[in-house]
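Please read the structure below before turning to the comments.
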Amino acid sequence: MSGLHRRELLAAAALMPLWPTALARANTATHYDVIVIGGGTAGIPCALFAAMGGARVLLVEKSPALGGTLFWSTGQIAGSGTVFQQRLGISDTPQAHFDDCMRINHGTADPALTRLTVDHAGETINWLADHGFEVMEGHPVTGIGHDHFTERRYQQGVNSGLSILDAFLPSLNAMIAAGNISLLTGTAAANLIQHGDGRITGVTVAGPAGMQDISGGHVVIAAGGCAANARLFEELHGVPLYAKTAYPTSQGDGLLLGLSAGGAIVGGEKYACLPGLVPDAFQYPCQMFAYAPLNPAIRMPWEILVNAKGERFVQEDHASVHHIERGVYQQPAHRHWAIFDAAMLEKSDPIIPKWDRERLAQEHKTNAMFHSAMSIEALALKAGLNPVALQRTVSDYNLRLTEGRADLFGRRVRPAPLSKPPYYSIAMQGWTLVSFAGLKVNPQLQVLSDEGKAIPNLYAIGEVIGAGATSGAAYTNGMLVTPAITFGRILGANLARNARSGESALRGI
Ligand SMILES: Cc1cc2nc3c(=O)[nH]c(=O)nc-3n(C[C@H](O)[C@H](O)[C@H](O)COP(=O)(O)OP(=O)(O)OC[C@H]3O[C@@H](n4cnc5c(N)ncnc54)[C@H](O)[C@@H]3O)c2cc1C
């Protein structure tokens, strides 16, 4: 386990609120208006807003604690017309937010789901603010680790994802105490109960009390993605899960439940990788040992990036980190190596944030992902790269620079030739935190079959609909947590209205 994960796990464990008073079994005689599967980022607001709207709600959570990925997520969210923007005198619109999202992901996200997100994201953030959510100093910003927006509408809570959870909990606990939400923790949804005509009529749960059939008017799958389940991830994306960085409960249960009821899974082809993960070993799934963002908006590069053939493949200082991500994606096994020399070690900002020169130099003595040598050929041999090709690559880079010629990939920032031994390499892996494949839904968040037919009474929200739906084939600022909470909020409220009015069809969201 990487240092990062161990630290975060311990932090999460220490902060994990448990629900000892939660029901061990649901009352099987009760018919719930809404059953929510998964008490995480999307499921909590869905259960909460359904209960606040007057619905009888059952919330089923597999783990002992509510919160899901919020325990690990940085929880960066984006929206226009927020109180945080007002503080800074920023005027912004959902349309500008929409245009920015679609520019960043090159139009690969679902436009209707993007529109649904941006139209309601401001209300989501303002609701969180009303419930104690506070942002980091200087936020909102235009961007952090991904390609930036054109306006400052992106923020992180002072306590990352936990700031969001903290904003939910008092209202949620009040609804549980009032009996408006029945909560089953340590209980998994094991099966959907489906009538012969295709309608979903309830859920079979498996928990301390054994298996129970529970009847419900509407069932919402909010059980998260599958990026902690290497086998399922590879099957749905056609790409191995190179690194395990998702929250461990992201096992894909919700995708399988949706499939079992006739739902379609789409979006695996939108898989996009992040660059710069230094693995604990070249095996997959690996663990993150360290992380170099390789994002010129964070640090201008001194190093060059090469692939396993020892060849450069991308403009390392490209203004769009998405461009660099795409470059990594096109390399065999998404592997890449940073190559640099003693001058960079002495003069550049740390390639791995918070690592000083001594730490970097030390890892090069002891760590199998870090190599150093007095010549480029010797470095290549140690790192397992083609020595002739790497020598040619470095010579070409140096020659173009010293002769004042344009770089092969159009790179502009070339602080110095790689000419001062010792030379260094760091092995890196393309990776993802999330799964891109998910249950196909319409803008009413109903689960759809391959033919596009809604499965009556079945809905899906959160990462179970796939990162590809709202983030596209890219990492679009906040376009997972923001839609997860927003869809939870509006679907919960809408299902409550529906339950109260007894309407059989969903009102338009
Ligand atoms: C480290 C990290 C950082 C991230 N940072 C950001 C960010 O800054 N901004 C952003 O937009 N996105 C970010 N993401 C992604 C984002 O956090 C997730 O996509 C989002 O939180 C998922 O929400 P969810 O409700 O779908 O799943 P979760 O929050 O994981 O909730 C799912 C819940 O369902 C439960 N469950 C699973 N199976 C069952 C079952 N069978 N029965 C009952 N319950 C079940 C799980 O235990 C879990 O509690 C990040 C992800 C990670 C891992």
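Atoms within each ligand, like the ligands themselves, are counted from 1 in listed order.
Residue Glu61 has at least one N or O atom closer than 3.5 Å to an N or O atom of ligand 1. In terms of polar-atom proximity, Ala42 is counted as a contact of ligand 1, with an N or O under 3.5 Å from an N or O of the ligand. Residue Gly225 has no N or O atom closer than 3.5 Å to an N or O atom of ligand 1. Residue Thr482 places no N or O, backbone or side chain, under 3.5 Å from any N or O of ligand 1. Between Gly462 and ligand 1, not a single N/O pair is under 3.5 Å apart. For the pair Tyr154 and ligand 1, the shortest N or O to N or O distance does not fall below 3.5 Å. Of the N or O atoms in Ser250, none lie within a sub-3.5 Å distance of an N or O in ligand 1. Below 3.5 Å of separation, one finds an N or O of Glu463 facing an N or O of ligand 1. Residue Tyr247 has no nitrogen or oxygen atom sitting less than 3.5 Å from a nitrogen or oxygen atom of ligand 1, judged on distance alone. Considering backbone and side-chain atoms together, Ala65 places no N or O closer than 3.5 Å to any N or O of ligand 1.
No donor-acceptor pair closer than 3.5 Å links the side chain of Ser160 to the backbone N or O of Gly75.
Under the 30°/60° scheme for interplanar angles, the aromatic rings of Tyr284 and Tyr242 are found to stand perpendicular. Using the six-membered ring where Trp is involved, His318 and His323 have ring planes that are parallel, under 30° apart on the 30 and 60° scheme. Taking the six-membered ring for Trp and thresholds of 30 and 60 degrees, Tyr271 and Tyr329 have ring planes inclined between 30 and 60 degrees apart. Ring pair Phe436/Tyr475 is perpendicular by interplanar angle, where above 60° counts as perpendicular and below 30° as parallel.
We find the OG1-NE2 distance between Thr432 and His334 to be 11.0 Å, quoted to the nearest 0.5 Å.
Under 4.0 Å from ligand 1, the heavy atoms of Thr245 that appear belong solely to its backbone. Looking at Ala222 against ligand 1, only its backbone comes within 4.0 Å, counting heavy atoms. The part of Asp253 lying near ligand 1 is the side chain, judged by heavy-atom distances below 4.0 Å. At a heavy-atom cutoff of 4.0 Å, ligand 1 is contacted by no atom of Gln251, backbone or side chain.
Because its NZ or CZ atom is both nearer than 6.0 Å to the ring centre of Phe149 and within 45° of the ring axis, Arg153 counts as a cation-pi partner of that residue.
Side chain to side chain, His97 and Asp92 fail the donor-acceptor criterion of an N or O pair below 3.5 Å. No side-chain donor-acceptor contact under 3.5 Å links Asn126 and Thr82.
Side-chain contact check for Leu232 versus Leu256: some heavy-atom pair is nearer than 4.5 Å. In this structure, the side chains of Cys273 and Trp431 stay at 4.5 Å or more apart for every pair of heavy atoms. Side chains of Ile265 and Leu236 form a contact here, defined as non-hydrogen atoms less than 4.5 Å apart. Residues Phe168 and His131 are not in side-chain contact: their nearest non-hydrogen atoms beyond the backbone lie 4.5 Å or more apart.
Remark: ligand 1 atoms within the under-4.0 Å shell around heavy atoms of Ile37 are 42 (N), 43 (C). Applying the 4.0 Å criterion to heavy atoms of Gly478 picks out, from ligand 1, the atoms 11 (O). Near Val434, with a cut-off below 4.0 Å to any heavy atom, the atoms of ligand 1 are 15 (C). Taking every heavy atom of Thr74 and a limit of under 4.0 angstrom, the matching atoms of ligand 1 come to 3 (C), 4 (C), 5 (N), 6 (C), 7 (C), 8 (O). Those atoms of ligand 1 that come under 4.0 Å of a heavy atom in Ala189, given as number and element, are 40 (C), 41 (N), 42 (N), 43 (C). For ligand 1, the atoms sitting less than 4.0 Å from at least one non-hydrogen atom of Gly40 are 25 (O), 29 (O), 31 (O), 33 (C), numbered in the order shown with element in parentheses. Distances below 4.0 Å separate heavy atoms of Met479 from the following atoms of ligand 1: 11 (O). Of all the atoms in ligand 1, the ones that sit under 4.0 Å from a non-hydrogen atom of Val481 are 9 (N), 10 (C), 11 (O), 12 (N), 13 (C), 16 (C), 17 (O).
Taking only non-hydrogen atoms, the option from Ser73, Gly186, Ala190 nearest to atom 2 (C) of ligand 1 is Ser73. With atom 30 (O) of ligand 1 as the reference point, the heavy atom nearest to it among Thr69, Leu165, Thr185, Leu59 is part of Thr69.
In this structure, Arg87 pairs ionically with Glu134, as a charged nitrogen and a carboxylate oxygen lie closer than 4.0 Å.
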